[in-house]
Trainee: 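Supplied in structure tokens, the structure appears directly below.
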Amino acid sequence: MKKIKWQGIISLALVILMMFVVVFGVQQFSKKTADTPAEGTQGGAQANNGGATVDAADGTYTGTARGFGGDIVAEVTIAGGQITAVKVTGDSETEGLGSVAVEKLPERILKAQSLNVDTISGASISSDAVLLAVANALQEAGIDPASLTGTGDSASVQKTDETIDVDVVVVGAGGAGMAAALTLKQNGKNVIILEKMPYVGGNTTKATGGMNAAETHYQAEQDIEDSVEQFVEDTMKGGKEMNNIDLVTTMAENSSDAIDWLDSIGAPLPKVSFSGGATNARIHSPEDGSGVGEYLVAAFSKNLEEAGIPVYLETKATEIITVDGKAAGVKAESPEKNYTINAKAVVLATGGFGANEEMYTTYRPDLKGTVTTNAPGATGDGIVMAEAVGADLVDIEQIQLHPTVEQSTSMLITEGVRGDGAILVNQSGKRFTNEMLTRDKVSAAELEQEGCYAYVIFDQNLREGLKATEKYIKNGLVTEAATIEELAEKLAIDPATLAETLKNWNSYVAEGSDPEFGRDTGMEADLSTAPYYAIKIAPGIHHTMGGIKIDTETQVINTEGEAIAGLFAAGEVTGGVHGGNRIGGNAVTDIVVFGRIAGQSATDYVDGK
Ligand code: ADP
């Protein structure tokens, strides 16, 4: 009798457990991700709703939702009780992040026949907006989105093992990885790229300024005098002389050639201007004023596609394979597969670790809780993988804060705003620093203010001259007012103090000198044209200067000071180029120059040279 009772209880528990597994298991597995490689087909997005149908009249229904940069519009077509098409448009989403949500989620929704799909990490606002727009369209059709329990075809996904043999595997599809892969392909090598995110670009996409280069043909055509020596000197000075001078010299010497190479692949950077820390006009940017990162990532992607270089998206490298102490490939995993990639050489281009709070607080406990401007893939994987095979690290605790980051969105307010004349004030309505000092100094000054934040103040004249400000306004980051006093009131600052600060500042601009803080640049225009604007900002983690130790040929150096055969690294994953502070415009030079060198060095290694 007792035995039977226990059996009953155990059976009931098992039933409950199974129900639990079914419900949660289905939720897990229905979070299906994209097909790989990127150049492959998307695998015919067919409806699979387990036979269930939606109860709505045939037709196309529309729904909208607010995305990151504007409205997202979804069109959902219902035919024969199935969702047969999902089309989403949202032109204002961030290229490479939100735009990926707009592109990928409709296909996933169609496959799953429900909204229970994997979203795009790093693009949560856009992802949520796409889902909401589709939900609104479904409601328009009289369908309760929550009633859609379709599990797509992913419930049955069982990971399979796959082995791939190539000449070279590049890990990371940011600027450095793409430049390396293009160089390898140009040299006739069989190369693939692994990228853990569902999109390419990494932190490179976020670069707004340009690329520093000296003795370029663009400088010559514009009668700008500059030299490799001066470029080296400026970089060393900016880096507090902590940089590895051999790496800096290699970067500067190859910078002009890198500009020529960008010309040759259809990515010219013809505009040359001044930027912080540079003695001469040296920063090269796109003709149309677009952000250099988005521009280069688009051009690199086009070239990768044309060259037929496979990019395995959502495929994360987890381990470097070594044979007899030499790098011989990587282990990697995607949602569908466990890969063993056998390669004659490995190029690590996984970027920095500015998005990995646990990692950066290990090296810099003082940065706990600081927001980051970094792309979500910047988690230091390459550093960890390289260390596991003996690589040495340099300057790992050198982390750059950017002083003007809007905290609720982590959006970086470009230096161009201050460069065009904006000032910084604290909650008391007073300036507290020369706004044009290096990033580390301005950040430190902000952290000394009450609440550790400040406001960037600008006027209508500045807004009209700087395209970037429109993005901030569109995203609701900007407080606007018809007068300085009204602006102060909206910010809970004493109006008389802010008015006095602006009056003084405008007189300094008129005189061309700032007796309070010694600012002498970004003073071409005063702040006297209404309306007035303010953005609340504080420092955010921006660039991890330290990383894997490399030599000038991008060979990874181990803790014994020896090169690890077959292992190369380039870009933010490495340390030594930027020392204790990276100057604006050098991140792009770093990735293009050393990305290309990594491609060449890996080629030579494979060729036995
Ligand atoms: P860089 O500027 O040095 O090129 P980026 O941040 O632009 O660096 O690009 C690095 C890329 O590497 C990012 O797209 C990131 O998602 C990717 N990545 C990081 N870790 C891995 C990993 N373990 N496997 C594959 N890709 C990775």
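Numbering of ligands and ligand atoms starts at 1, following listing order.
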Trainee: Judged by non-hydrogen atoms, does Thr315 sit under 4.0 Å from ligand 1?
Mentor: yes

Trainee: Roughly how far, to the nearest 0.5 Å, is the CD1 atom of Ile550 from the CG atom of Asn244?
Mentor: 8.5 Å

Trainee: Using a strict 4.0 Å cut-off to heavy atoms of Glu572, name the atoms of ligand 1 that fall inside it.
Mentor: 3 (O)

Trainee: Quick one: look up the protein heavy atom nearest atom 17 (C) of ligand 1 and list residue, atom name and how far away it is.
Mentor: Glu195 OE1, 3.2 Å

Trainee: Which protein heavy atom lies closest to atom 5 (P) of ligand 1, and at what distance to 0.1 Å?
Mentor: Asn203 N, 3.5 Å

Trainee: I'd like to check which ligand 1 atoms, numbered from 1 as shown, lie under 4.0 Å from a non-hydrogen atom of Met197.
Mentor: 16 (O)

Trainee: May I ask you to check whether Lys316 has an N/O atom sitting below 3.5 Å from an N/O atom of ligand 1?
Mentor: no

Trainee: Check if Gly201 has a non-hydrogen atom at a distance under 4.0 Å from any atom of ligand 1.
Mentor: yes

Trainee: Name the closest protein heavy atom to atom 23 (N) of ligand 1, giving the residue it belongs to and the distance to 0.1 Å.
Mentor: Asp381 OD2, 2.9 Å

Trainee: Among protein heavy atoms, which sits nearest to atom 1 (P) of ligand 1, and what does the distance come to when rounded to 0.1 Å?
Mentor: Ile591 CG2, 3.6 Å

Trainee: For Thr235 and Asn586, does a side-chain donor sit closer than 3.5 Å to a side-chain acceptor?
Mentor: yes

Trainee: Has ligand 1 got any nitrogen or oxygen that is less than 3.5 angstrom from a nitrogen or oxygen of Gly571?
Mentor: no

Trainee: May I have the step-by-step check of side chain to side chain contact (heavy atoms under 4.5 Å, CB included) for Asn558 and Asp392, ending in yes or no?
Mentor: CA-CA 5 Å; Asn558 69 16; Asp392 202 2; 5.9 Å; no

Trainee: Which residue owns the protein heavy atom closest to atom 24 (N) of ligand 1, what's the atom, and how far is it?
Mentor: Ala317 N, 3.0 Å

Trainee: Give yes if a backbone or side-chain nitrogen or oxygen of Ala176 is under 3.5 Å from a nitrogen or oxygen of ligand 1, and no if not.
Mentor: yes

Trainee: Looking only at protein heavy atoms, identify the closest one to atom 8 (O) of ligand 1 and say how far it is in Å.
Mentor: Gly351 CA, 3.4 Å

Trainee: Run the side chain to side chain contact (heavy atoms under 4.5 Å, CB included) test on Phe300 and Leu262 for me, step by step, so that the C-alpha distance in whole Å, both residues' side-chain angles and the decisive distance to 0.1 Å come before the verdict.
Mentor: CA-CA 9 Å; Phe300 286 165; Leu262 290 175; 3.9 Å; yes

Trainee: Between the side chains of Glu305 and Lys302, is the shortest nitrogen-to-carboxylate-oxygen separation below 4.0 Å, so that they form an ion pair?
Mentor: no

Trainee: Look at atom 10 (C) of ligand 1 and find which of Gly202, Gly172, Ala349 reaches it with the closest heavy atom.
Mentor: Ala349

Trainee: Would the number of heavy atoms belonging to other residues, nucleotides or ligands and lying under 6.0 Å from NZ of Lys549 be above 12?
Mentor: no

Trainee: What residue among Thr554, Thr183, Asn187 forms side chain to side chain donor-acceptor pair (under 3.5 Å) with Gln600?
Mentor: Asn187

Trainee: What is the closest protein heavy atom to atom 9 (O) of ligand 1, and at what distance does it sit?
Mentor: Gly174 CA, 3.2 Å

Trainee: For Glu358, does the CD atom sit with more than 12 other heavy atoms under 6.0 Å from it, leaving out its own atoms?
Mentor: no

Trainee: Which protein non-hydrogen atom lies closest to atom 26 (N) of ligand 1, naming both residue and atom, and how far is it?
Mentor: Lys196 N, 3.1 Å

Trainee: Of all the heavy atoms in Gly175, does at least one lie under 4.0 Å from an atom in ligand 1?
Mentor: yes

Trainee: For Phe594, run the side-chain contact (heavy atoms from CB on, under 4.5 Å) check against Asn254, Thr589, Val577 and tell me which one passes.
Mentor: Val577

Trainee: Does the pair Tyr360 and Thr544 meet the rule for a side chain to side chain contact (heavy atoms under 4.5 Å, CB included), with working shown?
Mentor: CA-CA 9 Å; Tyr360 63 70; Thr544 48; 5.5 Å; no

Trainee: After noting the C-alpha distance and the side-chain angles of Leu296 and Met178, does the key distance pass the side chain to side chain contact (heavy atoms under 4.5 Å, CB included) rule?
Mentor: CA-CA 10 Å; Leu296 289 182; Met178 294 200 275; over 6 Å; no

Trainee: Given that the side chain starts at C-beta and the backbone is N, CA, C, O, which of these parts of Val171 lies under 4.0 Å from ligand 1, counting heavy atoms, or is it both or neither?
Mentor: side chain

Trainee: side-chain hydrogen bond (donor to acceptor under 3.5 Å, both in side chains) between Gln400 and Asp440: does it pass, once the steps are laid out?
Mentor: CA-CA 7 Å; Gln400 181 173 73; Asp440 52 340; over 6 Å; no

Trainee: Of all the atoms in ligand 1, which lie at a distance below 4.0 Å from a heavy atom belonging to Thr204?
Mentor: 1 (P), 2 (O), 4 (O), 5 (P), 7 (O)

